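Worksheet: the structure to be examined is printed underneath.
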Amino acid sequence: MADVDGESGLGRGINHPGLQLARIAARQGGAVGRGQLLDLGFTDDQILGRVAAGWLHRLHHNVFAVGHPRLSDRAQLFAALLSLGPRAFLSHRTAAAVHGLRKINLHAIEVTLPGSGGRTREGLTMHRTRTEPHSADVRTHGDLRVSAVPRMLIELAARETAAELERLVTMAVQKRLLRPDARDGRETIEAALARHPRHRGLAKLVAVLAVYRRTESRKSQLEVAFDRFLGDHPDIPEPLRNIEIDHWEIDCFWPEHNLAVELDGRPYHVAANAMEKDRIKDAALLRRDITPLRFTDFRVEHDLPGILKDLRHFLKIAA
């Protein structure tokens with residue numbers, strides 16, 4: 001049967017449009033833009049013919065899926081960007097999902113496009129910014145342009161609750177995507193905040209970051225106090241510190257006894273928000289026959305004898 005471009009089959013030449021299309025589609029997860037098709041030599045009539053024949057499936061304005069419409073989540077996000085051009089980037093909750101901080105919702109893909117105008121895309125939530133974003137505000141995550149974590153937090157500041165912002169900040173730090181008190185890649189988060197001084201909800205985000213910084217400081221003080229405590233009891237063997245087990249970072253670990261200790265210096269309301277994650281972490285350790293113990297700053301301050309008793313029990317040290 002004759003192909004829609006007037007040749008029989010795909011042809012054998014490595015520069016044949018059909019083979020070039022296959023290579024582009026493979027690189028882009030199955031998505032292709034109309035401009036790319038025109039660059040390959042296809043006409044609009046040939047594109048429409050392939051759509052009618054079921055070889056191309058329309059995803060967005062001027063964006064098609066090659067072969068079948070069942071693309072991966074990442075390819076769907078790439079297709080959304082492809083429909084808006086190279087200046088667009090994934091933002092807001094979709095950016096949080098790309099960074100692994102929440103689930104991807106393909107029914108509410110959020111994209112930001114610099115400039116003015118009323119351009120819309122069915123199935124996409126469009127945001128506009130008057131000027132081109134600062135180079136540090138947009139990062140490339142694989143093949144996706146996406147808001148950097150500091151900008152993403154600023155974008156969501158007005159919309160999310162303080163509790164959700166705390167969760168996002170905590171997860172971003174745990175994933176090493178954010179350092180609230182140090183350099184985040186090329187700049188401090190304060191620099192990102194300074195670029196958006198009038199953004200709605202900024203005061204709420206600044207308050208959340210201040211709480212987290214106090215929490216980190218409290219955790220550091222707790223680690224110092226715990227180290228001093230261990231130094232005062234030479235019968236307690238030196239643990240491994242800040243190691244990773246099944247992608248979980250452990251504060252102190254005694255491998256010969258499968259004992260893990262987590263030092264929890266968070267204030268109560270932050271601890272409450274992260275409690276579920278702590279339970280998941282503990283369950284992951286228990287599945288590996290590792291006993292998790294958690295010592296809070298309150299207990300280190302008021303119950304060192306009880307901590308010593310717990311450690312000696314699980315390390316099998318006679319009192």
Side-chain angles (χ1 to χ4, degrees), residues 161-182 189 203-319:
T161 64
E164 174 63 5
L165 290 174
E166 287 173 358
R167 187 191 71 81
L168 290 170
V169 168
T170 299
M171 285 192 66
V173 174
Q174 290 172 344
K175 288 176 171 289
R176 297 181 175 89
L177 300 173
L178 182 71
R179 296 284 300 276
D181 61 344
I189 189 170
K204 180 169 50 177
L205 176 58
V206 169
V208 166
L209 290 168
V211 169
Y212 193 89
R213 289 189 183 97
R214 291 196 298 271
T215 299
E216 282 199 318
S217 175
R218 185 178 298 188
K219 177 68 174 287
S220 298
Q221 294 169 13
L222 175 59
E223 289 172 341
V224 170
F226 189 73
D227 288 346
R228 188 182 302 118
F229 163 76
L230 292 181
D232 292 338
H233 297 87
D235 60 322
I236 305 294
E238 187 70 13
L240 301 178
R241 301 178 188 276
N242 300 319
I243 69 165
E244 192 172 284
I245 299 176
D246 281 348
H247 308 295
W248 297 100
E249 185 173 333
I250 307 301
D251 291 330
C252 299
F253 182 56
W254 287 265
E256 292 183 1
H257 298 87
N258 275 355
L259 177 65
V261 165
E262 290 287 270
L263 301 172
D264 192 349
R266 294 171 296 189
Y268 173 75
H269 72 283
V270 176
N273 291 335
M275 190 178 299
E276 192 63 29
K277 186 166 185 176
D278 290 342
R279 289 171 176 166
I280 294 172
K281 184 177 186 178
D282 290 349
L285 294 175
L286 288 169
R287 285 197 298 271
R288 293 178 62 100
D289 295 323
I290 295 172
T291 300
L293 291 181
R294 294 187 174 273
F295 298 144
T296 63
D297 53 354
F298 180 88
R299 194 171 179 203
V300 169
E301 184 176 352
H302 298 285
D303 187 30
L304 286 177
I307 289 176
L308 182 61
K309 184 177 181 180
D310 288 345
L311 287 175
R312 283 175 171 167
H313 172 80
F314 286 104
L315 294 173
K316 297 178 173 55
I317 298 172

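Keep in mind it's a predicted model, so treat the numbers as computed, not measured.
- Put simply, CE on Met171 and CG on Leu177 are 9.0 Å apart, with the number rounded to the nearest 0.5 Å.
- Expressed to the nearest 0.5 Å, how far CD of Glu223 lies from CG of Asn242 amounts to 6.0 Å.
- Taking both residues in full, the closest heavy atoms of Val300 and Leu222 are given as CG2-CD1, 3.3 Å, listed atom of the first, atom of the second, then distance.
- At least one side-chain heavy atom of Leu259 sits less than 4.5 Å from a side-chain heavy atom of Leu311.
- In the displayed structure, Glu256 atom CD is contacted under 6.0 Å by at most 12 heavy atoms of other residues, nucleotides or ligands.
- Residues Pro239 and Leu230 meet the side-chain proximity criterion, which asks for heavy atoms closer than 4.5 Å.
- Shortest non-hydrogen contact noted between Leu315 and Pro237 is CD1-CD, 4.0 Å.
- Lys277 approaches Trp248 most closely through the heavy-atom pair CE-CZ3, 3.6 Å.
- Of the charged side-chain nitrogens involved, none lies within less than 4.0 Å of a carboxylate oxygen, so that Arg287 and Asp246 do not count as a salt-bridged pair.
- Checked for salt-bridge contact, Glu262 and Lys281 meet the test: a charged N lies under 4.0 Å from a carboxylate O.
- Pro292 is not listed as a side-chain neighbour of Asp278, based on a closest heavy-atom distance of 4.5 Å or more.
- Between Arg241 and Cys252, the shortest heavy-atom contact is NH1-SG, 3.9 Å.
- To the nearest 0.5 Å, atoms NZ (Lys204) and CD (Glu166) are separated by 11.0 Å.
- Proximity of Leu304 to Leu308: side-chain heavy atoms (C-beta onward) are nowhere separated by under 4.5 Å.
- The distance from the CG atom of Leu209 to the CG atom of Leu178 is 7.0 Å, given to the nearest 0.5 Å.
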Task: Step-by-step side-chain contact (heavy atoms from CB on, under 4.5 Å) determination, Asp303 to Phe295 - done: CA-CA 10 Å; Asp303 187 30; Phe295 298 144; over 6 Å; no

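- Counting non-hydrogen atoms of other residues, nucleotides and ligands closer than 6.0 Å to NE2 of His247 gives a total of 12 or fewer.
- When all heavy atoms are compared, the tightest approach of Asp310 to Leu293 is CB-CD1, 4.4 Å.
- A heavy-atom distance below 4.5 Å is found between the side chains of Asp282 and Arg294.
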Open item on the list: Show, in sequence, the C-alpha distance, side-chain angles and deciding distance for Phe229 and Ile307, and conclude whether the side-chain contact (heavy atoms from CB on, under 4.5 Å) test is met.
Closed with: CA-CA 10 Å; Phe229 163 76; Ile307 289 176; 3.8 Å; yes

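- Taking 4.5 Å as the limit, some side-chain heavy atom of Ile250 sits within range of a side-chain heavy atom of Leu285.
- Using a 4.5 Å heavy-atom threshold, the side chains of Ile245 and Phe253 count as touching.
- Atom CG in Leu263 sits 12.0 Å away from atom CZ in Arg299 (nearest 0.5 Å).
- When side chains are defined from C-beta on, Val261 does not count as touching Asp251, because their heavy atoms never get closer than 4.5 Å.
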